[in-house]
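Read through the structure below, which is laid out as structure tokens, and then see the notes.
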Amino acid sequence: MKNPHRFNRSKSILSYWRLALGGTFLCTGLALAFVASSTMTTPVGAASAQSAGFYTRQIPLAGTSSPQTGDFTPSDGSQGQVEFAGQGVTEDGSPGPVPGTVVNRSLSKGPGKGASATSGKKAKSNPQLNFSFAGLNLYQQRYARGGNQFTVEPPDQGMCAGNGYVVEAVNDVLNVFNAGTGTSALPDNTATNIVGGFPRNVNHAVDLNSFFGYAQAVTRPSGPPFGPFVTDPSCLYDAATQRFFVIALTLNTNPATGGFTTVNHLDVAVSQTSNPTGGWNIYRFDVTNDGTNTGGVNPGPYLGDYPHIGADANGFYITTNAYPWCCNGFSGAQIYAFSKAQLAAGAASVNMVHIDTSGLVSAPSEAGSTQPGFTVWPAQSPGTSQFNLANGGTEYFLSSNAADEAQKPVSGAAGTRTSTQVVAWTLTNTSSLDTSPALSLSNNLVTVNQYGVPPKQVQPGSGTTADKTTTPDVAQGDCLNDETTLLFNGQTGCWKLLVGATAHAAGTEVIASPDSNDTRMQQVMYANGKLWGALDTAVSFDSNPDRAGIAWYILNPTNSKIVMQGTYGIAGASLTYPAIGVTASGRGVMAFSYTDDTTTKPSAAYAPIDGSVGVGDTHIIAMGATRDDGFSGYKQQRFPNPIRSRWGDYGAAAVDGNSVWIASELTQDSNCDYTAWGGPFFAGGSGDNLLGTCGGASHGPGTRTALGDWNTRISRLTP
């Protein structure tokens, strides 16, 4: 075995993690209540570069790229590896200048109150599952580009489909699949992907640093030089232009230390043709100072967090949440509107209008006179005939206002974390983006059923002590509690493989309660003349404790009237991170993760949704094989207390003709028991020379790493 000590990490770890966000069939009935109590319209004139929170820019073409792995130094996987972004150190051994505690932020740290769920009718459509296959996983994330990648959780799920391809971008890796077979359409890079002295099969996946033209994220084993940190990818196929769009947030780092510099920008990749395996054009624009300085309380620089995308007939849209790097607070959702035609043509420069939504929403009395927009998610439309062409072209957005970001964006005090409103946004005259942008933005507060920040998820055994004799499928947790296993070097105690010579807190690790989301709006669609959206909420079931469930909405955006809405949940189960895809005929699928407190481990699931009956029965596509075993759920991995075991951030749905593609997170390797996880690191063991992959004597491929077990599942359904 070559260098068996290869996974012992540095004694002093500055852990980076994404801080976000994360029985009886039950559904809701109809609700027709509606309020348009506040409409705020803000125009921007074509002759002005800046007007009332609108800013016009020209974004130049930055270069071209393709989905292939860039140059790298092969990783030997030796002792002292940097496992997390922001973990680098300065020359005197102190942490880098900006430790990684800001990505995918959430100010809502406690639950709110949601609605009760009651039995509902079965949806009109009963989607047929046509095809399903394994998507990207943590093993591919960590060991792409010769292993010069970070260990990252949770999986941020970007997925889109069209022209016979499915593109998936998750965290820092990307793959392109043949839609008919589920096999990768990218060249096989196994032979050159050497990690620990052996070729590593990552199913042809390419790291996003390569895709966007950057140096490798980290140089194994020592760390420097560090490349930029790429995160939060999203994907869209636009049938009108026959182009794929992939975007991501990129955080600049100090090449010598790995510390974040606070400079961050959005990268936009646009395929040059309808074939995503070919060339792409790259556009970049800085978002470091895109936020409102509210009297010095939330001063910049800002982080352009949680970017998501949509499109109408004329424009391509990205929205972010601006958080100050300096302190606890929120500086409003930002909207970026581009000329879609110019992007699709690969223009040398592209028109872009930046809109700051701070103070644009009328607010309940406890928040003052106005609120900022929070996670203002732009709508996507299926096909080429579903766009609203009225008023010079119209794009829609949805957002929510239960979270502290909306209710208490400056003070840092907790809000109610509960609301009976969502916000419908309308952007008009989008055709002007091609020439001299002159946009108008308005919003309406729409009364809906009560929703609130959900509690943590449940999974079998949540809260009980991790113990390899009774719960062998949480190998990392079992290892951290294990003081008896004999190791390859004659020492005793598995925990030494993970936390080195640090003090050991024996028996302190428990099976996680995975994190839920915080009521921020999730994927939005405009289809069949209606606006569709969903968010995570607390759901109550008589005398049973609240669970994580889903609030969903179908509304007429032209008059802000709710057509249907509901609170969706299952007693004893947790449903999280919904994503809705709807065909032109108004039939759709809502994807989500599903787990319960008795038998069902984190699984990929869906339910039908339509505008006649609403949401139907839950169907599990792929059962989770193990419990959530991610590093962010364990105290000894040095994460903030209380622990937040990260799960999700967002799922994905995409419409391709009459089909809806969905992608969700789950756990998926039933063959990775404790003995296989330890392999030759345990005395007398055999298998992979990288800890925790369960790759066997052939050295992979695996579906997990020592520090986590997330997988993704991609499925095609006909509603």
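One-based numbering along the sequence shown.
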Check ion pair R627-D473 (N to O, under 4.0 angstrom):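 Here R627 pairs with D473 in a salt bridge, since their nearest N and O are under 4.0 Å apart.
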Qualifying residues under side-chain contact (heavy atoms from CB on, under 4.5 Å), relative to [X], sequence neighbours excluded:
X	value
Q380	L236, I309, Q523
N671	D669
S400	Y451, T519, L535
A607	Y568, F592, V615

side-chain hydrogen bond (donor to acceptor under 3.5 Å, both in side chains) involving [X] - partner list, sequence neighbours excluded:
X	value
S715	S132
S462	none
D629	Y634, R704

Side-chain donor or acceptor of E665 paired with backbone N/O of P155 under 3.5 Å: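 Judged by distance alone, no pair lies under 3.5 Å.
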Distance-only donor-acceptor hits, side chain of residues 506-514, under 3.5 Å, sequence neighbours excluded:
from: T508; atom 1: OG1; to: A505; atom 2: O; distance (Å): 2.9
from: E509; atom 1: OE1; to: K635; atom 2: N; distance (Å): 3.0
from: E509; atom 1: OE2; to: K635; atom 2: N; distance (Å): 3.3
from: E509; atom 1: OE2; to: Q636; atom 2: N; distance (Å): 2.9
from: E509; atom 1: OE2; to: Q636; atom 2: NE2; distance (Å): 3.0

Residues forming a salt bridge (charged side-chain N to carboxylate O under 4.0 Å, His left out) with D482, sequence neighbours excluded: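 D482 satisfies salt bridge (charged side-chain N to carboxylate O under 4.0 Å, His left out) with K468 only.
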Sequence-distant partners of D467, salt bridge (charged side-chain N to carboxylate O under 4.0 Å, His left out), two or more places apart: none
ring-ring contact (aromatic ring centres under 6.0 Å, His included) partners of W532, counting only residues at least two apart: none
side-chain contact (heavy atoms from CB on, under 4.5 Å) between N137 and R713, worked out: CA-CA 9 Å; N137 60 44; R713 190 79 180 179; over 6 Å; no
Salt bridge (Lys or Arg N to Asp or Glu O under 4.0 Å) contacts in which one or both residues fall within residues 414-423, not counting sequence neighbours: D404-R417
